[in-house]
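What follows is a structure written as structure tokens; I'll ask about it next.
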Amino acid sequence: MKAYLIPAETVEFSEEIKKSRFITFIAHTEGIDAAKAYIQSIKEQFPDARHHCWAFVAGRPDDSQQLGFSDDGEPAGTAGKPILAPLLGSEMGEVTAVVVRYFGGIKLGTGGLVRAYGSGVQQALKLLPTKTKVPQLRFCVACEYSLVSLLEQVVEQYHGQVLSSEYTDKVTFILSLPAVHSGEVEVKLRDISRGSMQLIPLDKNE
């Protein structure tokens, strides 16, 4: 679960090709439900357009279970896949692209459609600001009172966060840690507590 790029904002790119107007939108969408909701919102903004073709990478860039695309009535393979290809090439995650087409009366042919849909996304990606997402995982850990400050130092050192704490005979913390560093944090906590502190995962590390 390495860090990856996600869109920092929504961008729009419009061009006219042989009297057809293509409007490309790219947005940050975390998860398939968010991607589908965004696609629906674009359809509602442009109800009179001939086609609303789309593709998304709804999770991490390497998570093939969260990919989707649609030609929305264009000839098979001429829209959805050409939109998805540059998204995959960008190695970005949590991203959805929707291309709205107003038909201008001149047919572009399959090759022309592939180029039009792919080019619009490529141009929009050039305009898109990005930011880095560091996947986090949550853990539960029980800590002796005497070790609380040491635990907090380790969590801070690895850019983690204490989400909650419960004080009984020990202090039970819920921590959020960068997935890529969780193994190192676990080793450090075990070392400073002589094995008494153990991280119990609360999320599935896919």
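Quantities reported herein were computed from a predicted structural model and do not represent experimental measurements.
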request  = Kindly work out whether a path of hydrophobic side-chain contacts (I/L/V/M/F/W/Y, heavy atoms less than 4.5 Å apart) joins Val11 to Leu5.
outcome  = yes
ask   = Has the side chain of Ser182 got a donor or acceptor atom that lies under 3.5 Å from a matching backbone atom of Ala179?
value =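 Answer holds: yes.
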inquiry  = Test question: given the 4.5 Å side-chain rule for I, L, V, M, F, W and Y, name all other residues clustered with Ile39, or answer none.
reply    = Ile23, Phe25, Ile32, Tyr38, Ile42, Phe46, Trp54, Phe56, Val98, Val100, Tyr102
Heavy-atom pair with the smallest gap, counting every atom of Gly160 and Leu177 = CA-CD2, 4.1 Å
query = With a 4.5 Å limit on heavy-atom distance, are the side chains of Gln136 and Pro178 in contact?
reply = yes
message = Just verifying a value: how many Å separate Ser176 OG and His159 NE2, rounded to the nearest 0.5 Å?
response = 13.0 Å
inquiry  = Once rounded to the nearest 0.5 Å, what's the spacing between atom OG1 of Thr96 and atom NZ of Lys36?
reply    =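 Thr96 atom OG1 to Lys36 atom NZ measures 11.0 Å (nearest 0.5 Å).
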task = Give a yes or no answer on whether the side chain of Thr132 reaches the backbone of Tyr4 with a donor-acceptor pair at less than 3.5 Å.
result =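 No, the answer is negative, given that no donor and acceptor are paired below the 3.5 Å cut-off.
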task = Specify the closest pair of heavy atoms between Cys143 and Val148, including all atoms of both residues, with the distance to one decimal.
result = SG-N, 3.7 Å
Worked verdict on Ile192 versus Met197 for side chain to side chain contact (heavy atoms under 4.5 Å, CB included) = CA-CA 8 Å; Ile192 64 174; Met197 274 196 270; 3.8 Å; yes
message = For the NZ atom of Lys170 and the OG atom of Ser146, what is their distance to the nearest 0.5 Å?
response = 10.0 Å
request  = Check step by step if side chain to side chain contact (heavy atoms under 4.5 Å, CB included) holds for Val171 and Phe173.
outcome  = CA-CA 6 Å; Val171 187; Phe173 290 103; 3.5 Å; yes
key: Summary of ring pair (Phe, Tyr, Trp, His ring centres under 6.0 Å) pairs that have at least one residue in residues 176-199, sequence neighbours excluded   = Tyr158-His181
request  = Kindly state each residue pair satisfying salt bridge (charged side-chain N to carboxylate O under 4.0 Å, His left out) with at least one member in residues 89-105, sequence neighbours excluded.
outcome  = Glu74-Arg101, Glu94-Lys133
inquiry  = Quick one, Glu15 and Ser119 - any side-chain contact, counting heavy atoms below 4.5 Å?
reply    = yes
ask   = Could you give the distance from CG (Leu113) to NE2 (His51), rounded to the nearest 0.5 Å?
value = 8.0 Å
key: side chain to side chain contact (heavy atoms under 4.5 Å, CB included) assessment of Gln198 paired with Ser193   = CA-CA 9 Å; Gln198 294 190 345; Ser193 67; over 6 Å; no
CG on Leu125 to CD1 on Ile26, rounded to 0.5 Å = 4.0 Å
inquiry  = Run the side-chain hydrogen bond (donor to acceptor under 3.5 Å, both in side chains) test on Thr172 and Glu166 for me, step by step, so that the C-alpha distance in whole Å, both residues' side-chain angles and the decisive distance to 0.1 Å come before the verdict.
reply    = CA-CA 5 Å; Thr172 303; Glu166 184 182 342; 5.5 Å; no
ask   = Taking only residues at least two apart or on different chains, which pairs with a member in residues 113-124 satisfy salt bridge (charged side-chain N to carboxylate O under 4.0 Å, His left out)?
value =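 Counting only pairs at least two positions apart or across chains, no salt bridge (charged side-chain N to carboxylate O under 4.0 Å, His left out) contact touches residues 113-124.
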message = If hydrophobic clusters are built from ILVMFWY residues whose side chains come within less than 4.5 Å, do Leu87 and Leu67 share one?
response = yes
request  = Would you check if Arg21 and Ser14 make a side-chain contact, meaning some heavy-atom pair closer than 4.5 Å?
outcome  = yes
query = What are the two closest non-hydrogen atoms of Ile17 and Ala116, and how far apart are they?
reply =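 So the minimum-distance heavy-atom pair works out to CD1-CB, 3.6 Å.
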query = Does the side chain of Val154 reach to within under 4.5 Å of the side chain of Val185, using non-hydrogen atoms?
reply = yes
inquiry  = Main chain of His52, side chain of Asp72: is a donor-acceptor contact present, judged purely on distance under 3.5 Å?
reply    = yes
key: Side-chain heavy atoms of Gln123 within contact of Phe22, under 4.5 Å   = no
query = Transitively linked via ILVMFWY side-chain contacts under 4.5 Å: Ile200 with Leu137?
reply = no
key: Steps toward side chain to side chain contact (heavy atoms under 4.5 Å, CB included) verdict (Ile83, Cys53)   = CA-CA 8 Å; Ile83 294 170; Cys53 304; 3.8 Å; yes
query = What is the distance from atom OG1 of Thr130 to atom CE of Met92, rounded to the nearest 0.5 Å?
reply = 5.5 Å
inquiry  = For Pro135 versus Ala3, what's the shortest heavy-atom pair and its separation?
reply    = CD-CA, 3.8 Å
query = Are any non-hydrogen side-chain atoms of Leu175 and Leu163 less than 4.5 angstrom apart?
reply =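 No, side chains not in contact.
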key: salt bridge (charged side-chain N to carboxylate O under 4.0 Å, His left out) partners of residues 40-51, not counting sequence neighbours, each pair once   = none
task = State, with a plain yes or no, whether a side-chain heavy atom of Gln66 is found less than 4.5 Å away from one of Val57.
result =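 Heavy-atom side-chain distance check fails, nothing below 4.5 Å.
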ask   = Relative to the ring of Tyr167, is the ring of Tyr145 parallel (under 30°), tilted (30 to 60°) or perpendicular (over 60°)?
value = tilted
inquiry  = Please tell me whether Val121 and Val114 are part of a single hydrophobic cluster in this structure, the criterion being side-chain heavy atoms less than 4.5 Å apart.
reply    =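 Hydrophobic grouping puts Val121 apart from Val114.
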request  = Report whether Leu199 and Leu147 are members of the same hydrophobic cluster (ILVMFWY, side-chain heavy atoms less than 4.5 Å apart, transitive linking).
outcome  =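 Both belong to a single hydrophobic cluster.
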key: Which atom of Ser20 lies closest to which atom of Phe103, heavy atoms considered   =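 Of all heavy-atom pairs spanning Ser20 and Phe103, the closest is OG-CA, 3.5 Å.
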ask   = Taking all atoms of both residues into account, what is the closest heavy-atom pair of Gly77 and Pro82, and its distance?
value =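 Residues Gly77 and Pro82, closest heavy atoms: O-CD, 3.6 Å.
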query = Within a reach of under 6.0 Å around CD of Gln45, are more than 12 heavy atoms found that belong to other residues, nucleotides or ligands?
reply = yes
key: Those residues that, when tested against Ile106, pass side-chain contact (heavy atoms from CB on, under 4.5 Å) (two or more places apart)   = Lys18, Lys19
ask   = Does CD in Gln65 sit with more than 12 non-hydrogen atoms of other residues, nucleotides or ligands closer than 6.0 Å?
value = no
